[in-house]
Participant: 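Structure provided below as structure tokens; questions to follow.
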Amino acid sequence: MEKLKRYTAKDAEETYLVPHWAAGFFRVGEDGQLEVTPDGNGGPSASLYEIVSDLRDEGRPLPVMLRFPQILEARVVELNEAFAKAIRKYGYKGEYRGLFPVKVNQRRMVVETVAKAGKPYAHGLEAGSKAELALILAQDTHKEALIACNGFKDDDFIRLALMGKKLGKNVVITLEKFAELGRVMRLAAELGVEPQIGIRYKLKAKGSGQWADSGGESAKFGFTTVEIIKAVEMLAGAGMLGSIAMLHSHIGSQVTDIRRIKQAVREIAQTYVQLRKLGAPVRYLNLGGGLAVDYDGSKTAFYASSNYSLGEYAEDLVYVTQEVCEAHNEPHPHLVTESGRAVTAYHSVLVLEVVDTIRPPGEESVELSKDAHPIVKDMYDLTKSISAKNYREVYHDAFSDKDTLQNLYDLGLVSLRDRANAESLFYQIARKTLKLALELDYPADELEDLQKLLADKLVCNFSIFQSLPDSWAIKQMFPIVPLNRLDERPTREATLVDITCDSDGKFDRFIDLHDVRNTLPVHEIRPKEPYYLGVFLTGAYQDVLGNSHNLFGRIGEAHVTVDEEGYDIERFIMGEKARRVIEKMGYEEGELAESVEKLVRSSKLTPAEKGSFMEQYARELVGYTYLED
Ligand SMILES: *Cc1c(COP(=O)(O)O)cnc(C)c1O
């Protein structure tokens, strides 16, 4: 075998596809540590490994979420600048008025940072519920910035929106269904406010990828063309046609194929033109969300990817809208998108520590005694005879030997030791088979089962259900990279499991440019040396959708900024303590402690034991819910 070349940081970038998915915010440093460059390539950098080590030195427990406000700001700026550039390029007459849909991440730091970075661009906020509107109205946004109210509405939601308008905010009430129109008209009259109405149009065009069904004729939200005509007539009848300000649509999140986007823009732009012809003075054309994130870096229409850039997205929206408007001699509307995923995904990194490795057998040596079962002896001979010429037959034989032995074991004809030896030998053969097949460039899909069988399982101190719910619920993939030793060749292949008692709490699909990988390349873990994995692009939806399965609570988070001088951990927010998670289930901390105290008092423990147990119980209630040593 040829001697292996030295493995460098550059090699690690390709192993983990970092330049493909990182959008310029992350890279591998020469010293083999993963670095963040929150102002983009060329800006200052910091090692994630060092940040995590500092947090550990401060005594902060893992898992932890690292948030980089600069990345959020950069994304807001990139989005607005992409539209500004497209608008200049085509000489478009309207402006871009982006909205951040807070449902994607309502964390205070996220909303406040987006609002601040968006202020110079009059970037607005979108609410999908009363509670979201309540928090949005209190934000410091530009006077012209839109505040859109989507989602199903009751009278209170509409009143709150109308009050916002009265207070001078540029609030638009998006009607999701026809019945909301009557409510808005009645409440606007009651409060003496002229409303700004948006109409959500049910697109025929469907998205692509995971959320294809959010659009199309069977979608949950939106007006049919018949209802649009009825709404126009009703408003015209009341002398309120002037209040129709926006036409809205949303084809679903993570639209991976640019052709679907163009198709949707064409359709909504035509509807804009038609609405104008009916006399409705629509000024804003809103394409909703859908701007995708290239999680696997493959630049394809695969569900974890995106076959277009931000620049192309902006150009297509501008160009297609302009083309449709000019053909009908209608003015260019202000363009609105509600891009949430693309704004927030990059800003946070989930940091996990590997706490244990579960290894399949087959790496230990096997000594057979003279009275070993003949089938076991046969398997032993197979381990000696396997070669590049015969490995497929040998593997097949070993597989059937193992099966036979299992049947005999069930009948009580084989000892536990024989069975254990057979298992070791089978795995030895499987490992040799995989090695030979890989050397011979065997087609990868035929090796899939073997790779899965032989992968290490890294036990990581976290809960998928709390921290990466989409990876469980919809098989969403996220890039995962060790935070250091990236100048060392990874020699093991692994899947990840979390510490919940749920067998779904695992990660066994990893990003790849052409396919999906079953395993992640990792390093041999050294005793007493922490091994951290970063899970990237987790800033959209994961923060809010997570639940407390097994009572693992919200994790701690650190807000980190980076400049030429180095990095600064500006703020650390503690994760939920056990008592908080328990109380959410309806228990009272005091009552629990009282019941336990009763139990202790009536026990036969010594006074010292009683004291020490009660002290430990009290400590548990204020402790972190994850493993702490
Ligand atoms: C969820 C949602 C969005 C956000 O979509 P992204 O794909 O995350 O940008 C925008 N608009 C509406 C109406 C939504 O429901």
Side-chain angles (χ1 to χ4, degrees), residues 72 75-76 78-80 82-83 96-107 110-111 114 118 123-129 132-133 136 146-153 157 172-177 180 198-203 205-216 219-223 246-258 260-261 264-265 268 284-295 303-306 308 310 313-314 317 335-348 469-470 473-474 476 537-545:
L72 271 175
R75 290 299 290 169
V76 172
E78 281 172 19
L79 176 62
N80 280 281
F83 273 95
Y96 173 66
R97 285 296 162 76
L99 283 168
F100 174 63
V102 301
K103 78 153 192 261
V104 176
N105 195 326
Q106 303 96 337
R107 299 290 290 164
V110 173
V111 173
V114 169
H123 202 87
L125 299 167
E126 182 262 347
S129 68
E132 287 186 350
L133 180 57
I136 284 173
L146 285 167
I147 290 178
C149 305
N150 298 348
F152 291 137
K153 294 169 214 50
F157 194 170
V172 173
I173 301 174
T174 312
L175 305 178
E176 302 278 5
K177 58 187 171 80
E180 287 172 357
I199 292 180
R200 178 153 175 178
Y201 165 70
K202 208 176 269 211
L203 286 164
K206 280 194 172 194
S208 56
Q210 198 79 247
W211 285 271
D213 288 339
S214 307
K220 172 168 151 190
F221 297 110
F223 281 46
M246 180 187 285
L247 181 63
H248 176 258
S249 63
H250 173 64
I251 37 173
S253 199
Q254 186 68 8
V255 179
T256 57
D257 189 351
I258 190 72
R260 302 301 179 96
I261 303 246
V265 181
I268 190 80
Y284 298 103
L285 184 59
N286 185 345
L287 191 70
L291 177 55
V293 166
D294 192 0
Y295 292 93
Y303 78 89
S305 187
S306 159
Y308 56 93
L310 177 52
Y313 177 80
L317 258 67
L335 288 172
V336 180
T337 70
E338 298 169 337
S339 309
R341 180 185 298 277
V343 167
T344 57
Y346 295 90
H347 90 279
S348 68
D470 278 349
I474 54 168
Q476 169 75 54
L537 312 192
T538 60
Y541 298 101
Q542 305 316 293
D543 277 302
V544 244
L545 293 178

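Whatever order the structure lists them in is the order used to number ligands and atoms, beginning at 1. Counting from 1, the numbers follow the sequence of the chain as shown. Small disclaimer: the values here were computed from a predicted structure and weren't measured.
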Participant: Donor-acceptor pair, His250 side chain versus Gly289 backbone, under 3.5 Å?
Facilitator: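 Judged by distance alone, yes, a pair lies under 3.5 Å.
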Participant: Working to the nearest 0.5 angstrom, can you tell me the gap between Leu291 CG and Gln254 CD?
Facilitator: 9.0 Å
Participant: Can you work out which protein residues put a heavy atom within less than 4.0 Å of ligand 1?
Facilitator: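 Lining ligand 1 at under 4.0 Å, by heavy atoms, one finds Pro101, Lys103, Val104, Asn150, Arg200, His248, His250, Ser253, Gln254, Gly289, Gly290, Glu338, Ser339, Gly340, Arg341, Tyr541.
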Participant: Do the side-chain N and O atoms of Tyr541 and Thr344 include a donor-acceptor pair separated by under 3.5 angstrom?
Facilitator: no
Participant: Consider only side-chain N and O atoms of Asp470 and Gln542, and report whether a donor and an acceptor are under 3.5 Å apart.
Facilitator: yes
Participant: Could you tell me whether the side chain of Thr538 and the main chain of Ser348 form a donor-acceptor pair under 3.5 Å?
Facilitator: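 Looks like yes, one N/O pair under 3.5 Å.
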Participant: Just by modelled atom types, is the Gly539 backbone N or O under 3.5 Å from a matching donor or acceptor in the Asn105 side chain?
Facilitator: yes
